[in-house]
Amino acid sequence: MPELPEVEIIVRGLRGPLVGRTFTGVTVRWPNSVKTPVPELQATLPGQTIEQITRRAKYLWFHLSGGDSLFLHLKMSGDLLVLPVTEPDDPHVRTIFDLDNDHQLRFKDTRKFGRVYLVRNPNAVIGRLGPEPLADDFLPADFAALFARRRGRLKPLLLNQKFIAGIGNIYADESCFAAGLDPRRTADTLSADDLGRLYHAIRQALTAGIVHKGASLDSVYRGGEFQNHFRVYGRTGQPCLRCGAEIQRVVLGGRSTHFCSTCQR
DNA sequence: CTAAAATCCTGGTGGC
DNA sequence: TGCCACCAGGATTTTA
């Protein structure tokens with residue numbers, strides 16, 4: 001569930017407690033989540049200091065003093081806790097990173113979809129991602145250019161991280177509503193005007209998500225309250241806040257898709 | 001190229 | 001009350 005805005009908020013919150021700290025050990029309780037061989041992770045990570053934490057798409061990116069990159073992806077139910085070693089254990093903690101100040105970074109992840117990568121070359125993890133929609137140099141013309149020669153449906157394209165990075169189910173639906181576009185439209189039917197509206201809708205939806213400190217959903221409370229501002233996501237059968245028609249739900253690309261068939265064409 | 005389906009997972013929910 | 005089928009979904013992989 002955490003999408004670009006939620007990950008951005010989490011990254012901002014982790015910088016204070018973690019930048020400058022040095023890893024002293026790693027405990028892996030669910031090896032399937034670690035995409036680097038565990039012995040290699042345990043041999044390479046300790047001793048490296050966290051120089052900076054950034055975000056790329058929905059990945060948290062720890063820049064390490066040894067030149068390596070630690071990437072964490074929270075997927076559906078992941079959460080990160082920085083706690084003193086004396087803090088009681090939690091059965092849903094899958095990986096524990098020991099720090100040099102008697103604290104631990106605990107990767108809690110009920111559904112076990114989250115992933116951990118330690119790599120020398122960051123492109124091994126993030127090399128095939130599409131553009132960052134909130135980047136200063138990502139312009140309407142860049143967005144429109146993505147649609148050239150594409151013929152897929154709009155919603156699955158927005159969820160495709162190779163097409164554009166960081167958008168998930170919530171912000172895809174909210175962006176299509178704000179742009180007045182039916183998520184079932186195919187890319188080659190969108191006019192220049194449609195693409196202009198969609199560009200601004202995506203940027204505004206993601207920015208609003210960050211301003212509201214993300215959405216708290218999926219029983220993972222993150223402090224945000226953007227969930228109180230959804231206009232279509234999760235509102236199946238309820239009246240459209242703009243026209244009053246019932247919000248529809250269809251499945252596109254295997255994902256629940258919520259929209260107003262009156263306002264979105 | 002597009003797209004649908006399967007995969008990985010558990011907790012919550014709705015039906016009976 | 002208890003049991004079970006089913007749903008949620010990010011990203012990848014498989015199949016058409």
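Everything numeric in this text was worked out from a predicted model, so none of it was measured. When reading the values below, keep in mind they use all heavy atoms of this one structure, side chains included, and skip hydrogens, waters and symmetry mates. Each chain gets a letter, A, B and so on, in the order the sequences are listed, and its residues count up from 1.
Comparing B:dT10, B:dC9, C:dG10 by their closest approach to the side chain of A:Thr110 singles out B:dT10. In the set B:dA3, B:dT10, C:dG10, B:dT10 carries the atom at the smallest distance from any side-chain atom of A:His92. Candidate nucleotides C:dA11, B:dC9, C:dG9 were compared by shortest atom distance to the side chain of A:His73, and C:dA11 ranks first. Of all nucleotides listed (C:dG10, B:dT10, C:dT12), B:dT10 comes nearest to the side chain of A:Arg94.
The aromatic ring of A:Phe113 does not stack onto the base of C:dG9, failing the criterion of a centre distance under 5.5 Å from the six-membered base ring together with planes under 30° apart.
By the 4.5 Å heavy-atom criterion applied to side chains, A:Val11 and A:Trp61 are not counted as neighbours.
We find that CZ of A:Phe147 is positioned 12 Å from P of B:dT2, with the value rounded to whole Å. Rounded to whole angstrom, the span from the NZ atom of A:Lys35 across to the P atom of C:dG10 amounts to 18 Å. Here C:dA8 presents its P atom at 11 Å from CZ of A:Arg111, a figure rounded to the nearest Å. Rounded to an integer number of Å, the gap from A:Leu158 CG to C:dG10 P is 13 Å. Distance A:Leu159 CG to B:dT2 C1': 15 Å, rounded to the nearest Å. Spacing between atom CZ of A:Arg128 and atom C1' of C:dT13 amounts to 13 Å, rounded to whole angstrom units. If you measure from atom CE of A:Met76 to atom P of B:dG12, you get 14 Å, rounded to the nearest angstrom. Between A:Ile170 atom CD1 and C:dA8 atom P there is a gap of 13 Å when expressed in whole angstrom units.
Of the residues in residues 249-261 of chain A, those lying under 4.0 Å from DNA chain C by heavy-atom distance are A:Arg249, A:Arg255, A:Ser256.
Not one side-chain nitrogen or oxygen of A:Lys112 sits closer than 4.0 Å to the OP1 or OP2 atom of B:dC8. Contact check, A:Arg150 against B:dT2: a side-chain N or O comes under 4.0 Å of OP1 or OP2. Contact annotation: A:Lys75 does not reach the phosphate of C:dG9 (side-chain N/O to OP1 or OP2, under 4.0 Å). Checking the phosphate oxygens (OP1, OP2) of B:dC9, a side-chain nitrogen or oxygen of A:Trp30 falls inside 4.0 Å. Within the 4.0 Å cut-off from OP1 or OP2 of C:dA8, not a single side-chain nitrogen or oxygen of A:Tyr233 is found. At C:dA11, none of the side-chain N or O atoms of A:Lys162 fall inside 4.0 Å of OP1 or OP2 (strictly under the cut-off). Note on A:Asn32: a side-chain N or O is less than 4.0 Å away from OP1 or OP2 of B:dC9.
Annotation: A:Phe147 is in aromatic contact with A:Phe163 [ring centroid separation under 6.0 Å].
Note on A:Arg265 versus A:Asp182: no salt bridge recorded, every NZ/NE/NH1/NH2 to OD/OE distance being 4.0 Å or above. In summary, A:Lys112 and A:Asp109 do not engage in a salt bridge, as defined by a charged side-chain N under 4.0 Å from a carboxylate O.
Applying the side chain to side chain contact (heavy atoms under 4.5 Å, CB included) test to A:Thr110 and every residue at least two apart in sequence or in another chain returns A:Ser77, A:His92.
Tested against A:Ser191 for a side-chain hydrogen bond (donor to acceptor under 3.5 Å, both in side chains), the candidates A:Asp193, A:Thr189, A:Asp194 yield a single pass: A:Asp194.
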Per-pair distances, 0.1 Å, donor-acceptor, side chain in residues 164-171 of chain A, under 3.5 Å, sequence neighbours excluded:
{"unit_1": "A:Asn169", "atom_1": "OD1", "unit_2": "A:Lys155", "atom_2": "NZ", "d": "2.7"}
{"unit_1": "A:Asn169", "atom_1": "ND2", "unit_2": "A:Ser256", "atom_2": "O", "d": "2.9"}
{"unit_1": "A:Tyr171", "atom_1": "OH", "unit_2": "A:Glu6", "atom_2": "OE2", "d": "2.9"}

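Contact annotation for A:Arg115: no contact, since no heavy-atom pair falls under 4.0 Å across all strands.
Closest non-hydrogen pair, A:Leu64 versus A:Glu51, comes out as O-OE1, 4.1 Å.
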